[in-house]
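See structure below.
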Amino acid sequence: MFGQDFKIKLTPSVLGERRGILRLIAVVLCILAMCLASLRGPSPFSYWNWCMFTWVFCFLMTVVIIVIELLGITLLLKLIQFDWGDFTTGMSILFAIMLLSASVLYAVFYTCSKCVLSLVTTCVSFLCFITYTIEAVMAKIDGGGGYMSTMPGFLKVLESFISCIIFISLTGYYGKPGMEWCIVVYAVCFPVTLLILIYNILPTLCKPCVFPMNKIAPIFSVVAVLLYVSAAILWPLSAFRNYPRPPDCENCLWDSLLVVTIFTFINLALYILDLIFTMCSSVLR
C-alpha cells in the first residue's frame, strides 16, 4: 500500500518558484559567509562558533528542504500528518532570527574599520538574513504556516533560540551559587520548551506520549516565568557585584556576562507573553 500511494518524482520546477529561487540564493550566501569567516580564521570566543554554526545549519537545512521538495517527498510527510508548509515557514523565520543574531554578533565582536574581510562577511550575512526574511514574509502572504508561525509557536522558537545565545555566552560562574542556579534555570526551561514545540509540530507521532502535554504546557509556562524571574534577579547581582567594567575591556568576560543578563531579561519577557497567550487559549477553550 505504501509503494502504491507514494512514488518519488523529480520536480525541478520547484527551483524556479519564488521561494525556490530565494532558497538557492540563501544557500550561496551561507556558503560565502562560511568561506569568508574561515579565511579570517577562528576566534577564542564562542560567538565565532555560533556564527559559523548558524551559517552551516541554515545551509544544510535549506539544502534538505530543497531536496525534499525536489523529490516530492512532501507527499510522504503527509502520511504522518506532518504540516510541511508550517515547517518550512517556521524554519524560514528561525533562519532569519539566527542570521540576524549571527550578523549582529559578528559585526560587534569581529569587525573594525580596517577589517575589510570581516566587514564583507557581515554584509553577506545580513544579505542572507534579508533573503530568509523575504521568504518568510512571502510564505505568510501565501497563507502558509501552522503552529510554528502562530504567536505561541513563534514565541517557543524565540525562547529556544535565545536560550542558545545564553548557553554560548555562559562564563565566569564557577563557585558562584547564584549564577549556578541561573544555569539550572536555563537548562530546565530549554528542553521542555523544545518538547512542547515538537509535540505541536508532530501531533500524530506524539500521540503515544504518556504525558498530557496540553495540560502540562500552562503549568510549565507559570514555572518558567517564576524561574526566569529568579534568574533575572540573581544573575546580574552575582555577576556584577564588586565587578565594574574594566577600562581596557574589549570583548572581555564582563561583556559576556552582560550578554547573558540582557538575553535573560528578553527571555523572561518572552515567557511572560507566552504565559499570557497560553492562559488566554485555555480560557477560550
Side-chain angles (χ1 to χ4, degrees), residues 23 25-64 91-133 157-174 176 179 182-183 186-187 190-191 194 231 235-236 239-240 243 245-267:
R23 286 170 185 157
I25 294 172
V27 165
V28 173
L29 290 173
C30 283
I31 294 174
L32 187 56
M34 284 187 287
C35 293
L36 290 171
S38 298
L39 289 174
R40 181 194 180 278
S43 165
F45 297 102
S46 56
Y47 300 116
W48 187 90
N49 296 328
W50 170 256
C51 294
M52 188 61 72
F53 167 78
T54 296
W55 297 321
V56 173
F57 176 77
C58 293
F59 161 71
L60 290 177
M61 287 302 300
T62 304
V63 170
V64 169
M91 292 306 292
S92 298
I93 296 172
L94 176 61
F95 295 156
I97 296 170
M98 291 179 68
L99 282 160
L100 177 61
S101 72
S103 303
V104 172
L105 287 173
Y106 199 86
V108 170
F109 287 96
Y110 304 112
T111 60
C112 61
S113 57
K114 298 179 181 179
C115 308
V116 177
L117 194 61
S118 296
L119 287 170
V120 174
T121 304
T122 302
C123 292
V124 171
S125 187
F126 269 113
L127 286 174
C128 200
F129 155 69
I130 293 170
T131 302
Y132 280 117
T133 302
V157 172
L158 277 179
E159 289 158 6
S160 302
F161 163 74
I162 295 297
S163 296
C164 292
I165 297 292
I166 290 174
F167 284 135
I168 66 168
S169 304
L170 290 174
T171 186
Y173 53 83
Y174 295 107
K176 297 181 179 180
M179 297 172 74
C182 295
I183 294 173
Y186 307 140
F190 175 64
L194 278 183
W235 183 271
F240 300 116
Y243 183 39
R245 191 174 193 270
D248 58 344
C249 176
E250 184 177 351
N251 302 336
C252 65
L253 171 64
W254 196 93
D255 289 341
S256 295
L257 295 174
L258 180 62
V259 169
V260 175
T261 302
I262 292 172
F263 281 103
T264 297
F265 277 97
I266 291 174
N267 235 9

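The figures that follow rest on heavy atoms only: side chains count, while hydrogens, waters and symmetry mates do not.
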Residue that, paired with C128, satisfies side chain to side chain contact (heavy atoms under 4.5 Å, CB included) out of I31, L99, L32: L99
From the options V120, T121, L117, select the one residue that forms a side chain to side chain contact (heavy atoms under 4.5 Å, CB included) with L39. L117
Could you give the distance from CG (L127) to CD1 (I25), rounded to the nearest 0.5 Å? 10.0 Å
Taking every heavy atom of M98 against every heavy atom of F161, the minimum-distance pair comes out as CA-CE1, 3.7 Å
Between CH2 on residue W235 and CZ on residue F240, distance to nearest 0.5 Å: 8.5 Å
If we ignore hydrogens and angles and just use 3.5 Å, is the side chain of S118 paired with the main-chain N or O of Y110 as donor and acceptor? yes
Minimum heavy-atom separation for V108 and T111, please, with both atom names. N-OG1, 4.4 Å
Between CE of M34 and SG of C58, what distance do you get to the nearest 0.5 Å? 9.5 Å
Under 4.5 Å between any side-chain heavy atoms of L170 and Y186, yes or no? yes
Where do L257 and M179 come nearest, in terms of heavy atoms and distance? CD2-CE, 3.6 Å
Might you point out which heavy atoms bring P236 and A231 nearest each other, and give the distance in Å? CD-O, 3.9 Å
Given the options N267, I93, I266, I97, L158 meets side chain to side chain contact (heavy atoms under 4.5 Å, CB included) only with I97
Side chains of Y132 and L94: closer than 4.5 Å at any heavy-atom pair? no
Can the ring centroids of W50 and F109 be said to lie less than 6.0 angstrom from one another? no
Taking the side chain as every heavy atom from C-beta outward, state whether I166 and F190 have any pair of such atoms under 4.5 Å apart. no
Could you measure the distance from the OG atom of S103 to the CH2 atom of W55? Nearest 0.5 Å is fine. 7.5 Å
Quick one, N49 with F53, criterion side chain to side chain contact (heavy atoms under 4.5 Å, CB included). Give me CA distance, side-chain angles, the key distance, then yes/no. CA-CA 6 Å; N49 296 328; F53 167 78; over 6 Å; no
How long is the span from the CZ atom in F95 to the CG atom in L100, to the nearest 0.5 Å? 15.0 Å
F129 to A96 - nearest heavy-atom pair and separation: CD1-O, 3.1 Å
For a 4.5 angstrom cut-off between non-hydrogen side-chain atoms, does I183 reach F167? no
Just how far is it from atom OG of S163 to atom CD1 of I168, taken to the nearest 0.5 Å? 11.5 Å
Considering non-hydrogen atoms only, spot the tightest contact between V124 and L29 and give its length. CG1-O, 3.4 Å
Side chains of S101 and I165, heavy atoms from C-beta outward: is any pair under 4.5 Å? yes
